[in-house]
Colleague: 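Shown below is the structure under consideration.
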Amino acid sequence: MNFNDYDFIASEAFAEGLDEADDLNFSGRFHKIPGVIYMDGNSLGLMPKDAEDALLSAVEDYKRLGIDGWMGAKTPWFYYPESLGARMAGIVGGYDDEVAIAGSTTVNIHNMLATFYKPSGKRAKILMDELNFPSDIYAAQGHVRLHGLSEDHLVLVKSRDGSTLLEEDIISAFTEEVSVALLPAVLYRSGQLLDMERLTRKAHEKGVLIGFDCCHSAGSVPHRLHEWDVDFAVWCCYKYLNGGPGASSGLFVNRRHHGGIPGLPGWFSYNKDKQFDMSLEFEPAQNAGAWQIGTPNIFSMAPIEGSLKVFEEFGMDNVRRKSLHMTAYMMFLIDSLLAGEYGFSIATPREPERRGGHVGLAHPEEAVRINACLKKHGVVPDFRYPDIIRLAPVALYTTYHEIWKVVSAIKGIMDSKEYLLVDSKREVVA
Ligand SMILES: *Cc1c(COP(=O)(O)O)cnc(C)c1O
């Protein structure tokens with residue numbers, strides 16, 4: 001199929017035709033949930049069958065080998081953070097030794113800030129933005145406190161419209177007072193994709209180190225972290241990367257920084273050849289593996305190995321082409337079927353180069369209740385306070401017909417006004 005053809009028609013038959021023409025449909029490689037249209041792959045990706053196999057194989061290794069699994073497992077556990085990192089490097093555009101799989105996103109943010117945030121003299125601030133994910137902000141607040149600095153050392157770039165950021169506003173905040181900037185690649189609510197290459201260049205011109213949180217882009221938008229000269233990056237492996245709930249996370253550290261002492265060292269940050277010498281003198285690994293801390297969580301990593309197999313077959317560039325096509329189709333349907341009268345707007349930028357993999361559908365008053373109704377209709381969307389319903393058609397497993405059904409279901413909910421019958425309290429996990 002030609003994913004560059006954006007001539008859409010709003011009928012169901014057209015949606016079915018798109019699926020028939022789609023020669024890149026991997027939905028059979030996933031455990032789709034019967035009776036459910038899953039639009040939440042940006043929060044927790046569905047399970048690839050290969051991920052299940054890889055996890056069961058790790059369980060088998062444990063049964064069979066006990067401690068010998070560290071060197072004797074099919075993929076030796078001892079080197080898992082590096083070997084999985086090398087396989088993931090292509091997805092984010094790093095060299096094999098610049099990526100490791102370890103820890104969790106928040107822990108990795110702590111490690112990156114502990115490493116790269118070195119307030120000195122006038123250059124003592126962290127730059128973020130007010131739309132950033134709370135956990136990232138809490139982490140940065142913690143580092144400012146640890147250095148005994150006042151809270152105005154965390155600077156948050158403001159949004160002008162409440163859902164997107166202007167690169168200009170970020171660039172003008174790169175001053176000689178900023179030590180390090182930590183920005184989202186894709187904003188978790190609106191799905192805006194920032195121009196990481198330009199931001200990195202501008203940050204460096206002002207002597208600012210820059211890192212990106214790629215939680216909402218990794219596995220959906222290809223990056224070229226090394227070529228752009230990004231200093232560091234972190235990302236979840238349980239969202240678009242389908243590594244399972246609480247899967248270990250990804251981290252990228254530019255080669256330029258290898259050999260430096262990680263901010264949160266542990267025995268797994270050590271030069272692997274000598275780790276078991278148990279010397280008390282710390283000698284960091286000479287690659288991104290130095291930014292892991294302790295024993296790898298093998299069962300939280302094995303599914304990633306299976307998932308990577310699917311990505312390697314599908315191709316990251318194909319993921320992006322198809323994802324853009326699917327989100328464009330979804331926005332076309334929203335424009336066609338939900339225009340005007342219902343009060344919706346699309347919070348996601350329209351330009352392909354400015355959006356990630358999900359569509360943020362905003363409703364000023366009733367987003368919570370419409371979201372709840374969608375669940376009753378067998379759709380799994382997710383809601384982000386205060387007014388955004390996030391819908392993520394995932395290139396690897398969502399079908400065009402499912403996209404059509406979701407937008408049609410929303411139209412049905414609005415026409416019948418059934419959302420008026422639903423409690424407006426939001427769920428604890430939402
Ligand atoms: C999902 C997400 C996180 C989650 O961090 P965990 O440590 O895995 O809980 C952090 N930041 C962003 C931007 C996210 O999207």
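Along the sequence shown, residues carry numbers from 1. Each ligand, and each atom within it, is numbered from 1 in the order the structure gives.
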Colleague: Looking at Leu24, Asp19, Asn25, Asp22, which hits side chain to side chain contact (heavy atoms under 4.5 Å, CB included) with Met1?
Modeller: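 Single pass found, and it is Asp22.
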
Colleague: For ligand 1, which atoms, with element, lie under 4.0 Å from some heavy atom of Asp213?
Modeller: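 Numbered from 1, ligand 1 contributes 11 (N), 12 (C), 13 (C).
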
Colleague: Distance under 4.0 Å to a non-hydrogen atom of His216: what atoms of ligand 1 satisfy this?
Modeller: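 Result: 15 (O).
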
Colleague: Could you say whether the N/O atoms of Thr106 and ligand 1 ever approach to under 3.5 Å?
Modeller: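 N/O-N/O distance below 3.5 Å exists for this pair.
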
Colleague: Check whether Tyr397 forms a cation-pi arrangement with Lys32 (NZ or CZ under 6.0 Å from the six-membered ring centre, at most 45° off the ring normal).
Modeller: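 Not satisfied by the 6.0 Å and 45° rule.
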
Colleague: Is Lys202 paired with Glu167 through a side-chain N to carboxylate O contact shorter than 4.0 Å?
Modeller: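 Salt bridge absent between Glu167 and Lys202.
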
Colleague: Against heavy atoms of Tyr238, which atoms of ligand 1 measure under 4.0 Å?
Modeller: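 Counting atoms of ligand 1 from 1, those under 4.0 Å from Tyr238 are 1 (C), 4 (C), 5 (O), 6 (P), 8 (O), 9 (O).
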
Colleague: Tell me which protein heavy atom sits closest to atom 1 (C) of ligand 1, plus the residue, atom name and distance to 0.1 Å.
Modeller: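 Ranked first by proximity to atom 1 (C) of ligand 1 is Lys239 NZ, 1.4 Å.
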
Colleague: So is Asp136 polar-close to ligand 1, meaning N/O to N/O under 3.5 Å?
Modeller: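 By distance alone, the answer is yes.
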
Colleague: Has Pro184 got any heavy atom lying under 4.0 angstrom from an atom of ligand 1?
Modeller: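 So Pro184 does not count as touching ligand 1.
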
Colleague: Does a salt bridge link Arg29 with Asp50, judged by any charged N lying under 4.0 Å from a carboxylate O?
Modeller: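 A salt bridge is present here (some side-chain N lies under 4.0 Å from a carboxylate O).
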
Colleague: Is it true that Lys405 and Glu402 make a salt bridge, defined as a side-chain N closer than 4.0 Å to a carboxylate O?
Modeller: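 Glu402 and Lys405: not salt-bridged.
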
Colleague: Report, as yes or no, whether the 6.0 Å neighbourhood of atom CD on Glu351 holds more than 12 heavy atoms from other residues, nucleotides or ligands.
Modeller: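 Above 12, so yes.
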
Colleague: Quick one: which ligand 1 atoms are inside 4.0 Å of a heavy atom on Ser104?
Modeller: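 Counting atoms of ligand 1 from 1, those under 4.0 Å from Ser104 are 7 (O).
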
